[in-house]
Number of protein chains: 2
Amino acid sequence: MVKAMEVTQQAERAPADDRPFDVFSRSCPSRAMLEHVTGRWGSLTIGALREGSYRFNELRRRVDGVSEKMLSQTLHALERDGLVHREARATSPPHVDYELTPLGRAVAERLLGLIALVEMRMPEVLAARESYDGSRDGAPRGGRWQRGQK
Amino acid sequence: MVKAMEVTQQAERAPADDRPFDVFSRSCPSRAMLEHVTGRWGSLTIGALREGSYRFNELRRRVDGVSEKMLSQTLHALERDGLVHREARATSPPHVDYELTPLGRAVAERLLGLIALVEMRMPEVLAARESYDGSRDGAPRGGRWQRGQK
DNA sequence: CTGTATCCTGCCGGATACTG
DNA sequence: CAGTATCCGGCAGGATACAG
């Protein structure tokens with residue numbers, strides 16, 4: 001099977017072509033990175049770090065709903081990607097600060113733009129949903145597509 | 001008494017406060033919406049739709065790796081949120097086009113900014129990873145934090 | 001306080017088969 | 001072509017206990 005990383009069919013896939021890291025390609029490392037950044041906890045963690053440095057449990061409180069395990073995993077992934085800097089002071093009790101790197105701040109800027117837009121346009125979204133659900137007048141099944149909102 | 005104390009309570013959760021839809025709050029519907037938009041397939045689907053309208057299987061080809069089921073689910077969720085418009089023509093064989101709504105285009109703009117940044121800065125990320133993995137000289141375990149990159 | 005190690009469950013999501 | 005229905009394995013991720 002062809003590895004897809006190479007330029008598959010240039011005609012079909014206009015997006016990439018000249019870009020060395022194409023997120024639309026299944027095997028490109030940039031897709032993994034994008035998933036770290038946009039992932040469920042990654043995006044919120046980066047957002048929470050926008051204004052300064054925070055300690056582990058401060059972050060836990062700022063990112064409502066995240067578990068210890070997930071926050072720890074997320075922070076390690078972001079640190080590995082060079083988006084977050086971890087500063088540990090060998091005191092007792094231990095004191096560790098997390099903050100964005102310059103690259104992390106650049107990502108946060110775009111991310112927060114997206115988040116602000118989403119928050120601002122929520123009324124439209126809510127209206128669209130009602131309209132969508134409502135248009136299924138006869139059909140009994142109220143909705144099967146609200147995945148991930150419990 | 002020092003006045004400053006009274007005000008500092010707000011500092012803990014500065015992000016929200018005056019915003020009606022706070023994505024950092026576990027129970028806010030905007031968080032679900034953000035997850036649709038930034039989710040594994042949501043972000044790529046929106047990105048793939050940026051330039052015009054596409055048919056179902058065209059999209060499948062543009063979003064490398066997505067399954068029929070996931071694309072269908074993703075499209076329905078985005079349509080319900082009012083980001084994607086579905087236009088079905090009752091011909092034979094069936095012909096269905098998907099395209100972004102104005103709201104969807106606004107989201108796509110921010111999202112593509114983020115994607116472009118991620119793609120552009122990948123060399124830094126790759127370097128950071130190598131540095132991170134390398135600094136574990138003695139430790140045999142090469143990496144436990146590259147979740148989701150198979 | 002700042003995490004790591006384990007156990008366990010739900011559901012994400014891939015494969016396959018079928019319908020209009 | 002454009003999906004839907006069903007099965008099912010793997011892993012995301014929560015709860016808990018424990019360590020430095």
Given [N], is OP1 or OP2 found less than 4.0 Å from the side-chain N or O atoms of [X]?
X       : N     : result
B/His76 : D/dG3 : no
B/Arg55 : D/dA2 : yes
A/Arg86 : C/dG3 : yes
B/Ser92 : D/dC1 : no
A/Tyr98 : C/dG3 : yes

B/Tyr98 and B/Phe56 aromatic ring geometry - parallel, tilted or perpendicular at 30°/60° bounds: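 Plane angle between 30° and 60°, so tilted.
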
Measure across [X] and [Y] and return the closest heavy-atom pair with its distance rounded to 0.1 Å.
X        : Y       : result
A/Asp64  : B/Phe24 : CB-O, 3.0 Å
B/Ala108 : B/Ile46 : CB-CG2, 3.6 Å
B/Ser53  : B/Glu99 : CB-CB, 3.7 Å

Using a strict 4.0 Å threshold on nitrogen-to-oxygen distance, state whether [X] and [Y] make a salt bridge.
X        : Y        : answer
A/Arg121 : A/Glu124 : yes
A/Arg89  : A/Asp97  : yes
B/Arg62  : B/Glu51  : yes

Just the rounded figure in Å: distance from [atom2] of [N] to [atom1] of [X].
X       : N      : atom1 : atom2 : answer
B/Leu59 : D/dC1  : CG    : P     : 14 Å
A/Leu71 : C/dT4  : CG    : P     : 10 Å
B/Tyr54 : D/dC1  : OH    : P     : 18 Å
B/Leu75 : D/dG3  : CG    : P     : 7 Å
B/Gln73 : C/dC12 : CD    : C1'   : 8 Å
B/Glu87 : D/dA2  : CD    : P     : 14 Å
A/Phe56 : D/dG20 : CZ    : P     : 18 Å
A/Arg26 : C/dG13 : CZ    : P     : 15 Å

Sort me out a list of protein N/O and nucleotides 14-20 of chain C N/O pairs below 3.5 Å, or just none if empty.
{"unit_1": "C/dG14", "atom_1": "OP2", "unit_2": "B/Ser67", "atom_2": "OG", "d": "3.0"}
{"unit_1": "C/dG14", "atom_1": "O6", "unit_2": "B/Lys69", "atom_2": "NZ", "d": "2.4"}

